[in-house]
Colleague: 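Encoded as structure tokens, here's the structure I'll be asking about.
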Amino acid sequence: SDIGSQKERVVTEEEWLQKWEMGNIGFHKEQGHPLLQKYLDVLLNGRSGLRIFFPLCGKAVEMKWLADMGHSVVGVEVSEQAVKEFFSEHSLPYCEEPVPEISGAKMFQSTSGNISLYCCSIYDLSSSIVGKFDGVWDRGALVAVNPCDRQRYASLMISLVEKNSSYLLVTVSYDPNKHNGPPFYVPESEIKSLFG
């Protein structure tokens with residue numbers, strides 16, 4: 001697949017933290033994503049009380065939206081600032097505790113218990129720590145993952161979902177030779193080879 005000069009591009013964890021610190025977060029949407037609203041039925045598939053995973057969640061407003069519908073939301077985000085902003089912007093009380101299995105990681109949980117956000121690298125998570133999920137809303141994760149890490153990311157995501165889960169994935173289409181990412185260009189052929 002021709003992803004141009006992006007193949008070798010790497011964005012470090014420090015660079016992501018810096019984006020949050022500098023407020024350089026054009027990827028954050030103040031309104032819920034229209035594609036989630038459009039395909040919500042596909043994600044839920046007539047089911048209620050689902051466990052829904054938000055990889056690289058930032059402070060996505062959809063987390064509260066789905067939690068308010070009665071679903072249990074789990075996210076992972078490397079920026080503690082993003083996680084704390086999520087709770088404060090929605091006036092949600094929360095508690096914070098260490099994650100014993102992951103050195104330096106914290107878990108922030110709404111007092112109501114239906115939103116749990118892990119502050120760590122996504123690659124530190126496993127189903128033994130976070131369990132498995134009925135649904136995934138991947139709005140900006142696969143396109144933010146370094147191209148060299150895509151296989152690792154996809155394998156992890158596959159290990160975190162139940163057999164009958166729904167996975168909603170949003171990508172962006174553009175000429176990868178004109179923009180170095182992120183968001184990175186992920187051709188459909190690569191999505192098929194990653195997720196089957």
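Residue numbers run from 1 in the order of the sequence given.
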Colleague: Hey, does V136 have a side-chain heavy atom less than 4.5 Å from the side chain of V161?
Modeller: yes
Colleague: Kindly state whether the ring of F54 and the ring of W65 have centres lying under 6.0 angstrom apart.
Modeller: no
Colleague: Quick check against the 3.5 Å criterion: does H71 have a side-chain atom that pairs as donor or acceptor with the backbone of R51?
Modeller: no
Colleague: Roughly how far, to the nearest 0.5 Å, is CG of D138 from CG of L169?
Modeller: 5.0 Å
Colleague: Do P98 and M107 make a side-chain contact, defined as non-hydrogen atoms from C-beta onward lying under 4.5 Å apart?
Modeller: no
Colleague: If you compare all heavy atoms of E77 against all heavy atoms of G58, which two are closest, and at what distance to 0.1 Å?
Modeller: OE1-N, 2.7 Å
Colleague: For the residue pair L160 and S127, what are the closest heavy atoms and their distance?
Modeller: CD2-N, 3.5 Å
Colleague: Using the ring of each side chain (for Trp, its six-membered ring), is Y174 parallel, tilted or perpendicular to H179, with breaks at 30° and 60°?
Modeller: perpendicular
Colleague: For residues E15 and T12, is any side-chain donor paired with an opposing acceptor at under 3.5 Å?
Modeller: yes
Colleague: Please check if the number of heavy atoms outside F27 that lie under 6.0 Å from its CZ is greater than 12.
Modeller: yes
Colleague: In Å and rounded to the nearest 0.5 Å, what is the CD to CH2 distance from Q18 to W16?
Modeller: 12.5 Å
Colleague: Nearest heavy-atom pair of K132 and S159: which atoms, and what distance?
Modeller: NZ-O, 3.3 Å
Colleague: Hey, any chance Y39 and F53 share a hydrophobic cluster, counting ILVMFWY side chains that come within less than 4.5 Å of each other, even indirectly?
Modeller: no
Colleague: For residues F86 and I122: do they belong to one hydrophobic cluster (side chain heavy atoms under 4.5 Å, members Ile, Leu, Val, Met, Phe, Trp, Tyr)?
Modeller: no
Colleague: To the nearest 0.5 Å, what is the distance between NZ on K29 and CG on L36?
Modeller: 14.0 Å
Colleague: May I ask you to decide if the ring planes of W137 and H33 are parallel, tilted or perpendicular, using 30° and 60° as cut-offs?
Modeller: perpendicular
Colleague: For side-chain contact (heavy atoms from CB on, under 4.5 Å), just list the numbers for S116 and V73, CA-CA rounded to whole Å, side-chain angles, deciding distance to a tenth of an Å, and then say yes or no.
Modeller: CA-CA 6 Å; S116 304; V73 170; over 6 Å; no
Colleague: Please say whether more than 12 non-hydrogen atoms of neighbouring residues, nucleotides or ligands are located less than 6.0 Å from CD in E188.
Modeller: no
Colleague: Are F133 and L156 in one and the same hydrophobic cluster, where Ile, Leu, Val, Met, Phe, Trp and Tyr link if side-chain heavy atoms are under 4.5 Å apart?
Modeller: yes
Colleague: Apply side chain to side chain donor-acceptor pair (under 3.5 Å) to N177 and Y185, showing your working.
Modeller: CA-CA 10 Å; N177 296 299; Y185 171 66; over 6 Å; no
Colleague: Applying side chain to side chain donor-acceptor pair (under 3.5 Å), run through E162 and S165 and close with a yes or a no.
Modeller: CA-CA 5 Å; E162 298 284 8; S165 65; over 6 Å; no
Colleague: Minimum heavy-atom separation for V61 and G32, please, with both atom names.
Modeller: CG2-N, 3.6 Å
Colleague: With a 4.5 Å heavy-atom cut-off, do L43 and I52 have their side chains touching?
Modeller: yes
Colleague: Applying a strict under-4.5 Å side-chain criterion to I, L, V, M, F, W and Y, I'd like to know whether L142 and F184 cluster together.
Modeller: no
Colleague: Is a side-chain donor or acceptor of N146 paired with a backbone partner of V11 at a separation under 3.5 angstrom?
Modeller: yes
Colleague: Kindly indicate whether the side chain of F195, heavy atoms from C-beta on, has any atom under 4.5 Å from the side chain of I191.
Modeller: yes
Colleague: When clusters are formed by joining ILVMFWY residues with side-chain heavy atoms under 4.5 Å apart, either directly or through shared neighbours, do I158 and I129 land in the same one?
Modeller: yes
Colleague: Does the side chain of T111 reach to within under 4.5 Å of the side chain of L92, using non-hydrogen atoms?
Modeller: no
Colleague: For S79 and C119, which heavy atoms make the closest approach, and how far apart are they?
Modeller: C-SG, 4.0 Å
Colleague: Out of curiosity, K84 NZ to E89 CD, how far, rounded to the nearest 0.5 Å?
Modeller: 14.0 Å
Colleague: Checking R47 side chain against L44 main chain: does a donor-acceptor pair fall under 3.5 Å?
Modeller: yes
Colleague: Determine, step by step, whether V78 and C120 satisfy the side-chain contact (heavy atoms from CB on, under 4.5 Å) criterion, reporting the C-alpha distance in whole Å, the side-chain angles of both residues, the deciding distance to 0.1 Å, and the verdict.
Modeller: CA-CA 5 Å; V78 75; C120 60; over 6 Å; no
Colleague: Where the side chain of T171 meets the backbone of V186, is there a donor-acceptor pair that is under 3.5 Å apart?
Modeller: no
Colleague: So, taking the atom named CG in L125 and the one named CD in E101, what distance separates them when rounded to the nearest 0.5 Å?
Modeller: 10.0 Å
Colleague: May I ask you to decide if V145's main-chain N or O and R150's side chain share a donor-acceptor pair within less than 3.5 Å?
Modeller: no
Colleague: How close do K106 and E80 get, counting heavy atoms only, and between which atoms?
Modeller: NZ-OE1, 3.1 Å
Colleague: Starting at CD of Q81, measure out to CD1 of I25 and round the result to the nearest 0.5 Å.
Modeller: 8.0 Å
Colleague: Counting N and O atoms only, with roles assigned by atom type, does the side chain of S166 sit under 3.5 Å from a partner on the main chain of G135, one being a donor and the other an acceptor?
Modeller: no
